[in-house]
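In what follows, every chain begins at residue 1, and chains take the letters A, B, ... in the order their sequences are listed. Because the structure is predicted, anything quoted here is derived from the model rather than measured.
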There are 2 protein chains.
Amino acid sequence: METKLKLPRSCRIILKNMRPHELLAAQEIFTRMRAANPKYPGLSTTYRSMEILVKEGFVQSVDLGDGEKLYELVDPGEHHHHLVCNHCGTQIHMDECAIEDLREYLIETYGFHVTVHRLEMFGACEVCLKKKF
Amino acid sequence: METKLKLPRSCRIILKNMRPHELLAAQEIFTRMRAANPKYPGLSTTYRSMEILVKEGFVQSVDLGDGEKLYELVDPGEHHHHLVCNHCGTQIHMDECAIEDLREYLIETYGFHVTVHRLEMFGACEVCLKKKF
DNA sequence: CTCGATGCAAACGATTTGCAAAATT
DNA sequence: AATTTTGCAAATCGTTTGCATCGAG
């Protein structure tokens, strides 16, 4: 038996208006939610909401290394990785998780059991490669 | 012909006193350098130095997601990844780079050419696994 | 003398927090 | 009425920057 999950209003607004596969900073989420719904709460509430949504598995938080956390809707329990083009900024979402195959190897070699991981790759996308960047 | 690299004094002190395979925050580096050498410059110089050392390839900067950058001596050009135990905090350094094998696959599948990547894995180390954490 | 290195304090930017007011149940 | 959510401003914290001074070549 699972208790029905009760999310605050702000979380519900976010879930309703945030699109999957879009990496957004808290600031940006706040701005968009306000635009979509003038009665949407303030910025600090956004931070509080994202914390809840991450914990509940609705949102994945991603760190691209530029000093701010980015958030992204995911199918609960799922996660994936990003290929970020350094030239045009395009973000490609990998369908598969590159680490899955590594799991067993890491247990055998290091005795280490991976539960969470973070992987981001940077480089050049197809288009920019052709432009000879 | 390569120009002889001239590093500021603070960088030289850091290279001399920092141990390989040890992840340290700027604050921590500052403290240690001061301890090793009372004439070592201040904290802001440490930040400026790390920037140089990263750019020159002496140091790798790592983000474990807790809001501060960590720095680590590396053999120039090299890089590697970390297995961080969530229970005891142990950091295991992987000898190999798990991503190398992925490179070709990503080019074929996504047309994406990876130049830089970030990979950190979190979970339970051998010791903590045995403790049934 | 000239230029890069440094010190110091202020600025910054994202995030967090404290507490009182408002809304939900 | 009790509990949860929110607003707002202030506090945090790591990091960066401006600018005057110091020091090596």
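In this structure, CZ of F30(B) is placed 8 Å from P of dG7(C), rounded to the nearest angstrom. Going from atom CD of E51(B) over to atom P of dG14(D) covers 19 Å, rounded to whole Å. Between the CZ atom of R9(B) and the C1' atom of dG25(D) there is a distance of 16 Å, given to the nearest Å. Nucleotide dA14(C) holds its P atom 19 Å from the CD atom of E68(B), rounded to whole Å. Taking atom CG of L7(A) as the reference point, atom C1' of dT5(D) lies 13 Å away to the nearest angstrom. Counting to the nearest Å, the C1' atom of dA14(C) and the CE atom of M50(A) are 15 Å from each other. One interatomic measurement links the two molecules: NZ of K6(A) to P of dT24(C), which rounds to 10 Å at whole-angstrom precision. Rounded to whole Å, atom C1' of dT5(D) lies 12 Å from atom CD1 of I13(A).
Proximity of T109(B) to M94(A): side-chain heavy atoms (C-beta onward) are nowhere separated by under 4.5 Å. Residues M33(B) and N17(B) meet the side-chain proximity criterion, which asks for heavy atoms closer than 4.5 Å.
Distances from the side chain of R48(B) to the nucleotides dT15(D), dC8(C), dG18(C) place dC8(C) closest. Among the nucleotides dT6(D), dT15(D), dT6(C), the one closest to the side chain of K69(B) is dT15(D).
Put simply, CG on L102(A) and NE2 on H81(B) are 9.5 Å apart, with the number rounded to the nearest 0.5 Å.
Looking at S49(B) and S10(B), their side chains do bring a donor and an acceptor atom within 3.5 Å of each other.
Contacts classified as salt bridge (charged side-chain N to carboxylate O under 4.0 Å, His left out) and involving residues 111-129 of chain A (residues at least two apart or in different chains) are not found. Within the structure, ring-ring contact (aromatic ring centres under 6.0 Å, His included) contacts touching residues 96-116 of chain A (residues at least two apart or in different chains) do not occur.
Within a heavy-atom distance below 4.0 Å of DNA chain C, the residues of residues 33-47 of chain B found are P41(B), G42(B), S44(B), T45(B).
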